[in-house]
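What you see is a predicted model, and the numbers here were worked out from it, not measured in a lab. Letters A, B, ... are given to chains in the order of the sequence lines, protein chains preceding strands, and every chain is numbered from 1.
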Amino acid sequence: MKVTVDMTMCQDHGQCAIAAPEVFRINDEGHLEYDAEPGDDMLEYVEEAADVCPVQAILIADS
Amino acid sequence: MTTTPHVVVVGGSLGALRAAEQLRAGGHAGPITVLGAEAHLPYNRPPLSKDVLAAGEPLAPAALADRLAFRRRASTADVDFRLGDPVVASDLRAGVVWTGSGSATSYDGLVVATGLRPRHLDVSGPALGRHVLRTVEDSHGLRADLERGPGLRVVVVGAGFIGCESAATLRKLGHEVTVVEPVGSPMERVIGAAVSAAVQGHLEAAGIRFVLGTGITGYLGEERVEGVVLGTGRVLPADVVVEAVGSLCNTEWLAGNGLDLSDGVLTDNRMRVVGAERVVAVGDVARFPNPLFDDVPRRVEHWSVPTDTARCAAATLLGDLAGMPPDDEFAPVPSFWSDQLDLRLQSFGSPALADEVVVEEGDLEHLLDGLLVTYHRQGRHVGTLAVNLSAARQRGLREQFSRPVPVA
């Protein structure tokens, strides 16, 4: 699976890091870092992360 | 019961979309019909009081709805969205709903997702220049009015979250903004008096004026609004007015079915509508008890609620339709955020229930440096508010409210 976060939209709410901490994390500066190619076993969590993103900045595509 | 039950979702916003997704995720392969009052596919509303008013080229409502549309999962590709025709009546014993255009739709299972509409002030006067904020049409209309010039005099009625966010956005655009609130101080009912006063001070320092303790009793102007008359008799000149005075529940179409519609629609803890069969409710129209706090059913108007409740409601409906009703407890952690100028408020739990407020980190005079406040009811921690704390802290703050998963 391929994950893309539109960083022009991202406002560092951090909801994705709660839903899928293996894929998304907030660094010490308070900004988002993420794994752009997580394993397909992460799909359910990444879907949830995309759902709860307040600015809907997360896109998921089959790799 | 047919072998592939037909599920009808009434409502066309976030809760409706999430319900359809969760029905598919739960294994429902039968038809799903979504009956929405708005002419647009479900779209994200929070930007309507923020970026949409401020950034880029103004877009017509349809284009705006398109830009803010929620991503749709592939599993919902065959969901039948029938839009722009509100459901106006229902017979839950017969399992039928009717739309305004007169078409009847039968269902095996029903999801109530009709949400809220903004309340308008019951004050006569010209309609031009008066706005509410809920839909893309509302946001487009306000933005068009703001194009009339820089430095407009704007009165925002209501100092709840929508009112304060709107005021902040309009101030940032360079308008002269006054917020009028008859009851209490900004967002006080939710965040408490001390934090409310601190946020008010911060917004005032940025040039937003507050008039508290009096409401609007009249509008001045012939063709369009030129001013508002306060309860005190004072007149505030106004080019534009935003009414942010709360919401009404879209439940009229459920009347006559013997339901408790006194505040939204009453459900049990699994989101089943009380007094009906094969009917669940989602989103901010649903009044449900949350055992994280107590057994009092409440409506919750947070952005996270449609997603949380849809997950539970879909599982409940599918279980009930299959004769295997689920009974595990539904205890979502409520959370919301609010961006106002250079402040970001992030809440977990239910601060509004508190009788005691404790500042844990930072101080109320310096909100930009970060503030952590906890809320307690009868000695029990019921809510947390973070102001300008790193998002890295959120996971920990939220987990304070999660219950340990019971061992099976």
Side-chain angles (χ1 to χ4, degrees), chain A, chain B residues 14-15 17-22 24-25 42-48 50-52 55-56 67-76 165 302-308 310-311 332-333 335-339 344-348 370 386 388-399 401-402:
Chain A
M1 153 183 46
K2 192 157 172 43
V3 174
T4 315
V5 179
D6 183 337
M7 296 308 284
T8 66
M9 293 173 74
C10 176
Q11 295 175 2
D12 297 317
H13 282 279
Q15 297 298 305
C16 54
I18 295 175
E22 294 83 358
V23 179
F24 304 93
R25 62 210 147 259
I26 300 292
N27 66 22
D28 293 341
E29 281 76 51
H31 297 305
L32 175 69
E33 295 172 351
Y34 66 102
D35 177 357
E37 291 182 18
D40 287 347
D41 55 328
M42 286 286 125
L43 179 62
E44 183 188 344
Y45 303 100
V46 175
E47 288 271 14
E48 185 178 341
D51 284 355
V52 300
C53 172
V55 292
Q56 296 288 293
I58 301 172
L59 281 174
I60 306 167
D62 296 332
S63 52
Chain B
L14 177 55
L17 177 66
R18 293 286 183 254
E21 289 172 345
Q22 291 300 322
R24 286 285 183 254
Y43 59 88
N44 200 22
R45 297 189 196 279
L48 296 177
K50 308 184 193 84
D51 331 14
V52 168
R67 203 192 94 201
L68 298 175
F70 287 103
R71 176 187 69 104
R72 275 175 68 190
R73 293 187 188 182
S75 65
T76 62
E165 288 172 5
H302 297 164
W303 186 85
S304 64
V305 163
T307 299
D308 289 339
R311 192 177 293 269
V333 180
S335 72
F336 69 82
W337 82 94
S338 180
D339 288 338
R344 170 166 294 171
L345 285 62
Q346 179 74 46
S347 161
F348 299 97
N388 286 28
L389 287 188
S390 166
R393 300 281 303 274
Q394 289 183 18
R395 192 176 169 78
L397 297 177
R398 186 179 190 278
E399 274 173 358
F401 295 99
S402 304

Between B:Gln346, B:Arg344, B:Arg398, who has the most heavy-atom pairs with chain A when the cutoff is under 4.5 Å?
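So the answer, after comparing B:Gln346, B:Arg344, B:Arg398, is B:Arg344.
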Verify, without hydrogens or angle tests, whether [X] (side chain) and [Y] (backbone) share a donor-acceptor contact under 3.5 angstrom.
{"X": "A:Asp12", "Y": "A:Ile26", "answer": "no"}
{"X": "B:Arg73", "Y": "B:Glu21", "answer": "no"}
{"X": "A:Gln56", "Y": "A:Ala50", "answer": "yes"}

With a 4.5 angstrom heavy-atom cut-off, is it the side chain or the backbone of [X] that approaches chain B, or both, or neither?
{"X": "A:Ile58", "answer": "backbone"}
{"X": "A:Gln11", "answer": "both"}
{"X": "A:Cys53", "answer": "backbone"}
{"X": "A:Glu29", "answer": "neither"}

Considering only heavy atoms from C-beta outward, does the side chain of [X] approach that of [Y] to under 4.5 Å?
{"X": "B:Lys50", "Y": "B:Glu165", "answer": "yes"}
{"X": "A:Pro38", "Y": "A:Glu22", "answer": "no"}
{"X": "B:Pro46", "Y": "B:Trp337", "answer": "yes"}

B:Asp308 versus chain A, heavy atoms under 4.5 Å apart: side chain, backbone, both or neither?
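No part of it gets close to chain A.
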What part of B:Arg393 is in contact with chain A, defined as an atom under 4.5 angstrom from a non-hydrogen atom: side chain, backbone, both or neither?
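Contact with chain A: none, neither part.
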Largest heavy-atom contact set with chain B, pairs under 4.5 Å, which of A:Asp51, A:Leu59, A:Val55, A:Ile60
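Answer, by heavy-atom pair count under 4.5 Å with chain B: A:Asp51.
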